[in-house]
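First comes the structure, then the notes that go with it.
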Amino acid sequence: MPATHHTKVLIIGSGAAGCTAAIYAARASLNPIMVHGLQPGGQLTITTDVENFPGFEHAVKGPWLMEQMEKQAANVGTKILHDTIMTVDFSKRPFTAVGESGDTYTADSLVIATGATARWLGIPSEKKFAGFGISACATCDGFFFKGKEVVVIGGGNSAVEEALYLTNHATKVTLIHRRDSLRAEKIGQERLFKNPKVAVIWDSAVEEFIGTENPNSLTAVKLKNLKTGAISELKTDGAFVAIGHTPNTELFKGTITTDADGYIVTTAGSTKTNIAGVFAAGDVQDKIFRQAVTAAGTGCMAALEAERFLAGH
C-alpha cells in the first residue's frame with residue numbers, strides 16, 4: 001500500500017552529488033531521505049578504475065566507491081529508498097514528489113542530483129543493433145568483446161577512457177572522431193596514442209551501422225569523411241558510442257530553469273535554482289567539469305545551503 005514519507009531534505013539521485021548531500025544533511029540532523037532513481041550510484045557504477053578521486057593511493061573501482069559513499073550516508077542517518085521519482089510539485093511547501101512505487105514524498109527542501117545519461121547518435125540503425133553489438137558503456141559490455149575488434153565513437157574524455165578500457169579485452173580499438181584533434185585531457189590522449197592496440201580515424205562520422213539479421217549482429221560501420229565526402233566501410237565486432245551525456249532534467253521541465261542544453265541553471269557560486277528551497281548538484285547542473293569530485297563538492301554545497309534555507313524558514 002502506498003506510503004507517505006516526510007523529510008526536511010529530500011534528495012533525488014544517489015550518485016556522488018546525492019550521497020555527499022545526504023552525508024552533510026544527515027550530519028546536520030536534518031534526517032534526509034535519498035531516493036535512488038533509475039541508476040543507483042550514478043555514472044560511477046559503470047566506471048571501472050577511478051584514479052582521480054582524492055584519498056586513494058591506487059585506483060579504486062567505481063561501483064565500490066559508490067557503495068562506500070552510500071554506506072557512509074546511511075551510517076550517519078540518511079534514509080535511503082529504492083524508488084524513482086515520477087512527478088514533482090514545487091508550487092507550495094512542503095514540496096511534493098510521487099514515486100514509481102506510488103509512495104508520496106513531502107519535503108521542506110529538495111536537492112536535485114539526478115545526473116546525466118549517455119547520448120546516442122540518433123541513427124536509425126543504431127536502435128536496431130543496440131545490445132547486439134552497439135553499447136554506450138564499455139565497462140558494462142567490454143568483456144563480451146574479448147579477443148575481438150571494436151570501434152569507439154567520440155573525441156572527449158569519455159571516448160578516450162572507453163577506448164583505453166576496451167584495450168583490456170579487444171585485440172584492436174579504433175577511435176572514430178568528427179574532427180582532426182581530440183577534446184580529451186592531455187594525459188588521456190598521451191595514453192591513447194601510446195597504446196599499440198589503438199588506431200584513430202579522423203574527420204569522420206558514422207553514417208550507418210551494418211550487420212546481419214535474425215539474430216541481429218553488428219558487422220561493420222559505414223563512415224563518411226567530413227572533409228572529402230568519401231564513404232567507406234570498417235569491419236567491426238562492436239561499437240561503443242561515447243559522445244557525451246544529456247542531463248536528466250525532463251522531470252523538472254516547466255518548473256526549474258534550464259539552459260539550452262537542458263542543464264539546470266544555478267546561481268553563480270551556489271546550488272540555488274530559480275525556486276527557493278530547491279537546490280541542484282552534480283552533473284545535472286555542471287556541463288563544464290563533470291567529475292565525481294566536483295559533483296561531491298556541489299553535493300556538499302547543496303546540503304549546506306538547504307540547512308541555511310531551513311534555518312531561515
Side-chain angles (χ1 to χ4, degrees), residues 15-17 39 41-67 69 115-121 130 133-146 148-202 204-206 221 236-248 282-284 286-296:
Q39 189 176 4
Q43 292 182 63
L44 277 183
T45 57
I46 57 171
T47 303
T48 46
D49 291 339
V50 178
E51 61 180 10
N52 56 6
F53 198 88
F56 305 97
E57 180 183 0
H58 302 291
V60 297
K61 301 300 180 184
W64 176 86
L65 181 58
M66 290 317 305
E67 181 182 305
M69 284 192 197
T117 53
R119 190 177 298 150
W120 295 90
L121 295 173
I134 299 178
S135 172
C137 177
T139 54
C140 305
D141 302 320
F143 177 80
F144 299 112
F145 297 90
K146 197 169 186 67
K148 298 182 178 182
E149 296 187 1
V150 299
V151 300
V152 175
I153 303 154
N157 286 330
S158 58
V160 169
E161 289 166 6
E162 299 267 280
L164 287 170
Y165 172 75
L166 286 165
T167 60
N168 295 317
H169 300 290
T171 55
K172 182 179 180 181
V173 179
T174 302
L175 185 72
I176 300 168
H177 186 40
R178 299 177 61 88
R179 300 178 178 83
D180 57 7
S181 62
L182 301 178
R183 304 186 311 277
E185 294 174 350
K186 294 300 180 184
I187 188 170
Q189 292 191 43
E190 289 171 7
R191 290 176 181 173
L192 185 84
F193 296 140
K194 286 179 181 177
N195 196 304
K197 286 188 175 182
V198 176
V200 182
I201 296 178
W202 303 104
S204 297
V206 174
V221 289
T236 188
D237 299 302
F240 291 83
V241 180
I243 56 171
H245 296 80
T246 299
N248 298 321
D283 286 8
V284 76
D286 175 16
K287 63 192 295 183
I288 299 173
F289 302 107
R290 293 179 291 190
Q291 301 296 307
V293 68
T294 50

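By convention here, the first residue in the shown sequence is residue 1.
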- Which pair of heavy atoms, one from Ala292 and one from Ala16, lies closest together, and at what distance? O-CB, 3.7 Å
- Note on the structure: Closest non-hydrogen contact found for Cys137 with Ser135 is N-OG, 3.0 Å
- Between Trp202 and Phe193, how do the two ring planes meet: parallel, tilted or perpendicular, split at 30° and 60°? tilted
- Item | Heavy-atom pair with the smallest gap, counting every atom of Ala163 and Val152 | CA-CG2, 3.9 Å
- Item | Exercise: identify the closest heavy-atom pair between Arg178 and Ala205 | NH1-CB, 3.5 Å
- CD on Glu185 to CD on Glu161, rounded to 0.5 Å: 7.5 Å
- Query: Do the ring planes of Phe56 and Phe53 sit parallel (below 30°), tilted (30 to 60°) or perpendicular (above 60°)?
  - Reply: tilted
- Query: With a 4.5 Å heavy-atom cut-off, do Val150 and Phe240 have their side chains touching?
  - Reply: yes
- Nearest 0.5 Å, what's the CD1-CD1 distance between Ile176 and Ile201? 5.0 Å
- Please name the pair of heavy atoms, one in Ala170 and one in Val173, separated by the smallest distance, quoted to 0.1 Å. CB-CG2, 4.1 Å
- Task: Apply the side-chain hydrogen bond (donor to acceptor under 3.5 Å, both in side chains) test between Asp283 and each candidate in Arg290, Gln43, Gln291; give the one that qualifies.
- Result: Gln43
- Query: For Arg119, does the CZ atom have more than 12 heavy-atom neighbours from other residues, nucleotides or ligands under 6.0 Å away?
  - Reply: yes
- Item | Between NZ on residue Lys194 and CG on residue Leu164, distance to nearest 0.5 Å | 12.0 Å
- Rounded to the nearest 0.5 angstrom, the CG-CD1 distance for Asn157 and Ile187 is 11.0 Å
- Would you please test Leu121 and Ile243 for side chain to side chain contact (heavy atoms under 4.5 Å, CB included) and show each step? CA-CA 8 Å; Leu121 295 173; Ile243 56 171; 3.7 Å; yes
- Message: When you measure from the side chain of Thr171 to the backbone of Lys148, do you find a donor-acceptor pair of N or O atoms at a distance under 3.5 Å?
- Response: yes
- Query: Looking at OG1 of Thr236 and NZ of Lys172, how far apart are the two atoms once the value is rounded to the nearest 0.5 Å?
  - Reply: 9.5 Å
- Is it the case that more than 12 heavy atoms not belonging to Lys197 sit under 6.0 Å from its NZ atom? yes
- Thr174 side chain to Val151 main-chain N or O, any donor-acceptor pair under 3.5 Å? no
- Message: Measuring only between side-chain heavy atoms, which start at C-beta, is Phe143 closer than 4.5 Å to His169?
- Response: yes
- Give a yes or no answer on whether the side chain of Asn168 reaches the backbone of Tyr165 with a donor-acceptor pair at less than 3.5 Å. yes
- Looking at Glu51 and Ala59, what are the two nearest heavy atoms and their distance? CB-CB, 4.0 Å
- Rounded to the nearest 0.5 Å, how far apart are CG of Asn195 and OG1 of Thr167? 4.5 Å
